[in-house]
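Heads up: the structure comes next, in structure tokens.
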Amino acid sequence: AAHLERLLRRAGRWEDVAALLTLRAGAGSPKDDRLQALLGLADLAKTRLGKPALVEECMRRVLVLDPSHPRAVGALAEVYAESGNWAALAKVYEGALKVRRPGQDQSREASLLLPLARIHWKQLGEPGVAEGWFRRLRKLEPANREMLEFYRSHHRRDTPKLFPILQRAYQTDSDAQSRTALGGEIASLAEDATGNSERAIDLWRGIRRKEPGNAEARAALKRLYRKTQKWNALQELLKEEVDALPSAEDEGKRTRVERL
């Protein structure tokens, strides 16, 4: 069969090649042979025959044999996204997630979870369903930007549920700029949404311990110390600012310290 296929390809008899591959993809052939025949037929349909419907059919049959086959998942994702068939695409991702491939790492699982959650959230308008998939993604990538965007919207009226999600993201985020923004957001939530100035102070202090030069944290602490009348803490913070002045301003330092 392989020799005949080579001869047909050499002669450019593409319809005959397709017929041969269709036979090899039949139910009587071993699974691996059927997979290879279907993939070959899909390639032929795309590059030689110009039959996109046949490409889709082949890839759907591949997923029946191997629901997480990366090439078939990718091909159908492209087809269904272009046609706006979001429900069908969701089923493709769900099927792929039910099967764990040998040696599969977390990044592969995350790459399936994110688009699936996004489809249910944005395309199908099912935030409740999306939350289940985002919850799984959160365990793998606690600082994923799109996942956090979803939870900010989903829990916008439920700060106690949003709070630990943002805190976990802050603890695991490796990007310094993003961590700074998250830290400020968490502290602001503690103050604005719950009215808990003491909690906000603790959070801003934690940010300053990790980022001593964080100007936003310093300004927030000064404001909160005044609000809660923590004059000793405010004085220490102001002294730190004075001590950080260049040595040429020693006279100015003394003046400012005296004013404290």
Side-chain angles (χ1 to χ4, degrees), residues 55-57 59-194 203:
V55 175
E56 180 182 346
E57 179 190 346
M59 291 307 182
R60 281 194 281 104
R61 290 176 64 186
V62 167
L63 289 186
V64 172
L65 298 172
D66 182 355
S68 65
H69 193 283
R71 184 173 158 194
V73 169
L76 286 177
E78 184 177 337
V79 169
Y80 292 148
E82 286 180 357
S83 64
N85 193 348
W86 303 113
L89 181 50
K91 288 180 181 178
V92 168
Y93 287 131
E94 287 171 12
L97 283 164
K98 290 177 182 177
V99 180
R100 188 171 184 84
R101 300 183 70 79
Q104 177 176 302
D105 60 14
Q106 290 186 347
S107 63
R108 169 63 179 168
E109 186 176 354
S111 72
L112 295 169
L113 285 168
L114 181 58
L116 175 57
R118 182 191 300 128
I119 287 168
H120 282 290
W121 176 26
K122 295 186 175 180
Q123 274 76 37
L124 298 179
E126 299 173 337
V129 178
E131 197 279 328
W133 299 113
F134 274 121
R135 194 185 321 131
R136 283 182 58 175
L137 178 62
R138 200 171 81 219
K139 295 176 182 178
L140 301 176
E141 298 182 0
N144 182 280
R145 305 287 184 270
E146 190 167 346
M147 177 271 294
L148 293 177
E149 179 189 347
F150 167 79
Y151 278 109
R152 288 183 183 106
S153 171
H154 194 59
H155 292 325
R156 61 186 178 277
R157 295 186 180 89
D158 197 347
T159 300
K161 287 185 178 179
L162 178 60
F163 214 82
I165 295 171
L166 294 178
Q167 282 188 307
R168 179 61 178 156
Y170 177 74
Q171 293 164 358
T172 60
D173 201 333
S174 59
D175 182 83
Q177 186 174 357
S178 176
R179 274 177 54 84
T180 298
L182 277 169
E185 181 181 1
I186 293 167
S188 296
L189 270 179
E191 182 181 4
D192 298 338
T194 68
L203 289 165

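Here the structure is a predicted model, which means the values were calculated and not measured. No hydrogens, no waters, no symmetry mates; every other heavy atom, side chains included, goes into these values.
- The two residues Leu89 and Ala77 have their closest heavy-atom pair at CD1-CA, 3.4 Å.
- The distance from the CD atom of Glu149 to the CG atom of Asn144 is 10.0 Å, given to the nearest 0.5 Å.
- Between Arg118 and Leu114, some side-chain heavy-atom pair lies under the 4.5 Å cut-off.
- How far CG of Leu97 is from CD of Glu109: 6.5 Å, rounded to the nearest 0.5 Å.
- If you take OG1 on Thr172 and CZ on Arg179, they are separated by 8.5 Å, rounding to the nearest 0.5 Å.
- Taking every heavy atom of both residues into account, Ser68 and Ala96 meet most closely at CB-O, 3.6 Å.
- Closest non-hydrogen pair, Ser178 versus Asp173, comes out as OG-OD2, 2.5 Å.
- Arg61 is linked by a salt bridge (charged side-chain N to carboxylate O under 4.0 Å, His left out) to nothing, counting only residues two or more places apart in sequence or in another chain.
- When all heavy atoms are compared, the tightest approach of Arg108 to Pro70 is NH2-CA, 3.6 Å.
- Arg145 places a side-chain N or O within donor-acceptor distance of the main-chain N or O of Ala143, the cut-off being under 3.5 Å.
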For this session: Could you give me the CA-CA distance, side-chain angles and deciding distance for Phe134 and Leu113, then say whether side chain to side chain contact (heavy atoms under 4.5 Å, CB included) is met?
Result: CA-CA 7 Å; Phe134 274 121; Leu113 285 168; over 6 Å; no
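- Within the structure, no pair that satisfies the salt bridge (charged side-chain N to carboxylate O under 4.0 Å, His left out) test touches residues 72-90, not counting sequence neighbours.
- Ala90 and Leu116 get closest at one heavy-atom pair: O-CD1, 3.6 Å.
- With hydrogens and angles disregarded, a donor-acceptor distance shorter than 3.5 Å links the side chain of Arg156 to the backbone of Ser153.
- Residues Met59 and Arg71 are in side-chain contact: their nearest non-hydrogen atoms beyond the backbone lie under 4.5 Å apart.
- Trp121 and Phe150 have perpendicular rings, their planes meeting at more than 60° on a 0 to 90° scale where under 30° would count as parallel.
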Side-chain donor/acceptor pairs under 3.5 Å, residues 160-167, sequence neighbours excluded:
none

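- What you find for Leu124 and Ala87 is that their closest heavy atoms are CD2-N, 4.2 Å.
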For this session: Start with the C-alpha distance between Lys139 and Arg168, add both sets of side-chain angles, then the distance that settles side chain to side chain contact (heavy atoms under 4.5 Å, CB included), and finish with yes or no.
Result: CA-CA 10 Å; Lys139 295 176 182 178; Arg168 179 61 178 156; over 6 Å; no
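- Evaluation of the side-chain hydrogen bond (donor to acceptor under 3.5 Å, both in side chains) rule for Tyr80 yields Glu56 as partners, not counting sequence neighbours.
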What side-chain donor-acceptor pairs closer than 3.5 Å can you find for residues 180-188, not counting sequence neighbours?
from: Thr180; atom 1: OG1; to: Ala176; atom 2: O; distance (Å): 3.1
from: Thr180; atom 1: OG1; to: Glu211; atom 2: OE1; distance (Å): 2.6
from: Thr180; atom 1: OG1; to: Glu211; atom 2: OE2; distance (Å): 3.4
from: Glu185; atom 1: OE1; to: Arg152; atom 2: NE; distance (Å): 3.3
from: Glu185; atom 1: OE1; to: Arg152; atom 2: NH2; distance (Å): 2.9
from: Glu185; atom 1: OE2; to: Arg152; atom 2: NE; distance (Å): 2.7
from: Ser188; atom 1: OG; to: Gly184; atom 2: O; distance (Å): 2.9

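- Distance check, rounded to the nearest 0.5 Å: CZ of Arg136 to CG of Leu112 gives 9.5 Å.
- Under the side-chain hydrogen bond (donor to acceptor under 3.5 Å, both in side chains) criterion, Glu94 pairs with His120, sequence neighbours left out.
- Taking CD from Glu141 and CE from Met147, the interatomic distance works out to 8.0 Å, rounded to the nearest 0.5 Å.
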Problem set entry | Full working for side chain to side chain contact (heavy atoms under 4.5 Å, CB included) between Tyr151 and Arg138 | CA-CA 10 Å; Tyr151 278 109; Arg138 200 171 81 219; 3.1 Å; yes
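- Residue Lys122 qualifies as enclosed at atom NZ: its count of foreign heavy atoms under 6.0 Å is above 12.
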